[in-house]
Peer 1: 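Pasting in a structure now, in structure tokens, and then I'll have a few things to ask.
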Amino acid sequence: MKEPFKWDNYSDQPALLKDTVYKKQMRKHQAFSLLKTLLVSLLVLPVSLMAMPFIKRKQIKQNEFITLGVDFERETQISLELLEDLEVESILLRLKLWELEKLEDLKLFIQKNKGKKITLKILQDREHIEDLALLKNNLTLIFSTLNGLVDLYEVGSTINRSKWGFFSVDEYNHFYQVAYDLQQEEFTNIKLIGSGVIDFEYHFTVHTLFNFFSSKYDGLSALLYVDRRGAPENIQLGFALSDKLAWLSTMVWLSRKSAKKLYITETNWPLTGTAPYAPTSEKECVSEDEYANYMLRYYLLAFASQQVDFVAWHQLIAPGYGLIDNREGIKKRVAYDTFKHMTKTLKNAQFLRLDIKRDYYILQCLIQDKLLQIHWSLIDTELQNEEFFEVYDRDGINIQDDMLQISQKPTYIYIKDAV
């Protein structure tokens with residue numbers, strides 16, 4: 001990345017943009033686009049909010065729903081072995097537009113993951129945002145090199161953070177338009193998703209879904225983090241995770257610019273004591289046990305929405321927020337086994353219902369005609385272990401205690417001979 005932008009290799013993201021004069025100047029240049037974002041939001045957000053109760057659930061592919069982000073350069077051979085151990089069938093990779101010399105290495109890694117659904121997130125820099133001819137040339141190179149190997153291309157990421165290079169939605173819309181035109185003219189077989197807005201800032205999302213650009217999406221991508229609110233059930237401006245997903249899905253259904261697909265292409269919680277690798281301050285960081293609980297419950301709530309096509313966990317190996325810590329060898333975190341058991345269990349599950357009463361959650365689904373209930377409670381309580389129960393804890397360990405401790409750590413309960 002060129003000045004004043006810098007990449008932070010510890011947290012795998014751009015460093016804070018410290019040139020405040022430059023930021024103010026760039027935002028001033030984009031004032032008209034920022035005004036359009038405000039106006040379209042004032043129109044669309046209330047309408048979409050009122051339409052939320054009328055949006056129907058859809059059929060999602062369970063084997064692709066649980067997706068895992070992987071750095072193809074980090075512990076490459078070990079990553080391949082871990083992916084097989086986890087039995088993940090869908091992975092998300094990232095490629096930086098300013099590091100295209102690594103394109104062949106990426107291609108080789110993809111080829112070694114034959115049979116998996118591959119999503120490629122194309123990361124932008126300011127040079128490619130300003131030079132659309134350069135962007136076109138390099139996107140052409142990427143699409144040509146990876147032809148037939150990638151299922152989805154996410155074009156751009158984190159567009160509502162200036163350190164990532166964009167200073168307005170219109171800048172992103174022009175950026176995405178280049179990829180869309182290439183798709184229509186030369187690469188009709190590829191699928192493109194966007195716009196990659198991070199956090200609960202839907203006014204930016206609205207402007208990418210409702211505008212006069214000719215471009216369209218094969219699905220909407222979002223980086224829906226909730227880590228600053230703690231648990232996924234916690235409320236932000238009146239909305240818990242389930243509400244945020246429902247509202248986002250409603251906007252997708254109302255827009256004529258996107259296929260009715262919704263992809264959460266990045267989310268996680270930062271881990272305590274991992275600075276400078278943690279992508280946020282220590283205030284937002286959680287313990288390994290909390291991380292595992294929150295991760296599982298995020299997936300369960302997204303699964304229950306039946307509106308999200310996949311959730312991509314960010315990511316497999318990362319000291320500050322990954323399932324694996326590679327600072328001193330390969331250390332599997334608590335959440336590794338949680339993720340593995342979740343994947344094995346839910347990949348063939350058919351959702352039935354989610355019941356919530358007084359902060360007690362029961363998600364019910366069918367697995368090969370066997371009823372599974374997943375229980376968790378925000379307030380610790382007990383449940384009698386019945387003879388017709390087959391019980392496993394969050395990480396897949398069988399429980400045979402007379403009384404089951406139902407807490408923020410989800411419990412899997414199979415009901416024998418229920419169907």
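If you read the sequence from its start, that first residue is 1, and numbering goes on from there. The analysis underlying the following values was restricted to heavy atoms, covering all of them including side chains, and did not include hydrogens, waters or symmetry mates.
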Peer 1: In this structure, which one of Leu223, Ile198, Val311 forms a side chain to side chain contact (heavy atoms under 4.5 Å, CB included) with Thr267?
Peer 2: Val311

Peer 1: Tell me whether Lys244 forms a cation-pi arrangement with Phe200, defined as NZ or CZ under 6.0 Å from the six-membered ring centre and within 45 degrees of its axis.
Peer 2: yes

Peer 1: How about CZ on Arg256, more than 12 heavy atoms from neighbouring residues, nucleotides or ligands closer than 6.0 Å, or not?
Peer 2: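 No, the 6.0 Å shell around CZ holds no more than 12 heavy atoms from other groups.
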
Peer 1: We want to know whether Lys116 and Ser90 form a side-chain donor-acceptor pair, criterion being a heavy-atom distance below 3.5 angstrom.
Peer 2: no

Peer 1: Does the side chain of Ser168 pick up a donor-acceptor pair with the side chain of Gln30 at under 3.5 Å?
Peer 2: yes

Peer 1: Can a side-chain donor-acceptor contact be found between Gln183 and Asp218 if the only test is distance below 3.5 angstrom?
Peer 2: yes

Peer 1: With no hydrogens and no angle check, just 3.5 Å: does a side-chain donor-acceptor pair link Asn63 and Glu89?
Peer 2: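 There is such a pair (donor and acceptor under 3.5 Å, judged by atom type) between the side chains of Asn63 and Glu89.
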
Peer 1: Verify the distance criterion only: is there a donor paired with an acceptor across the side chains of Thr67 and Trp313 at less than 3.5 Å?
Peer 2: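 No, no side-chain donor-acceptor contact under 3.5 Å.
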
Peer 1: Using modelled atom types only, decide if a donor and an acceptor are shared between the side chain of Glu288 and the backbone of Val334 within a distance under 3.5 Å.
Peer 2: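 Yes.
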
Peer 1: Is the shortest side-chain N to carboxylate O distance from Lys96 to Asp12 below 4.0 Å?
Peer 2: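 No, Lys96 and Asp12 are not salt-bridged.
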
Peer 1: Taking the side chain from Trp269 and the backbone from Gly230, do they hold a donor-acceptor pair closer than 3.5 Å?
Peer 2: yes

Peer 1: Within the side chain of Arg126, is there an N or O that forms a donor-acceptor pair under 3.5 Å with the backbone of Gly165?
Peer 2: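 Flag set: sc Arg126 to bb Gly165 pair under 3.5 Å.
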
Peer 1: Is the closest side-chain donor-acceptor distance between Arg394 and Asn293 under 3.5 Å?
Peer 2: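 A donor-acceptor contact under 3.5 Å links the two side chains.
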
Peer 1: Hey, are Gln124 and Ser157 close enough side-chain-wise for a donor-acceptor pair under 3.5 Å?
Peer 2: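 Their side chains do not contain a donor-acceptor pair, so the 3.5 Å distance test is not met.
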
Peer 1: With no hydrogens and no angle check, just 3.5 Å: does a side-chain donor-acceptor pair link His203 and Glu201?
Peer 2: no

Peer 1: Tyr360 and Asp355: side chain to side chain donor-acceptor pair (under 3.5 Å), yes or no, with the steps?
Peer 2: CA-CA 8 Å; Tyr360 192 107; Asp355 298 307; over 6 Å; no

Peer 1: Hey, are the side chains of Glu154 and Leu120 touching, using non-hydrogen atoms and a 4.5 Å cut-off?
Peer 2: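 Of all side-chain heavy-atom pairs linking Leu120 with Glu154, none is under 4.5 Å.
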
Peer 1: Checking side-chain polar atoms at under 3.5 Å, does Asn211 have a donor or acceptor matched by the opposite partner on Asp170?
Peer 2: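 The criterion, which ignores hydrogens and geometry beyond distance, is not satisfied for Asp170 and Asn211.
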
Peer 1: Check for a donor-acceptor pair, side chain of Thr274 on one end and backbone N or O of Tyr277 on the other, with a separation under 3.5 Å.
Peer 2: no

Peer 1: Between Asp243 and Ala240, is there a donor-acceptor pair closer than 3.5 Å when you use the side chain of the first and the backbone of the second?
Peer 2: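 Between the backbone of Ala240 and the side chain of Asp243 there is a qualifying donor-acceptor contact (under 3.5 Å).
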
Peer 1: Is the side chain of Gln315 donor-acceptor paired with the backbone N or O of Asp71 at a distance under 3.5 Å, no angle test?
Peer 2: yes

Peer 1: Above 12 or not: heavy atoms from other molecules or residues under 6.0 Å from OH of Tyr10?
Peer 2: no

Peer 1: Has the side chain of Lys36 got a donor or acceptor atom that lies under 3.5 Å from a matching backbone atom of Ala31?
Peer 2: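 Flag not set: sc Lys36 to bb Ala31 has no pair under 3.5 Å.
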
Peer 1: Hey, what do you get for CD1 (Ile159) to NE2 (His207), rounding to the nearest 0.5 Å?
Peer 2: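 One finds 9.5 Å between CD1 of Ile159 and NE2 of His207.
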
Peer 1: With a sphere of 6.0 Å drawn around NZ of Lys257, does it hold more than 12 non-hydrogen atoms of other residues, nucleotides or ligands?
Peer 2: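 Counting other residues, nucleotides and ligands, NZ of Lys257 exceeds 12 neighbours.
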
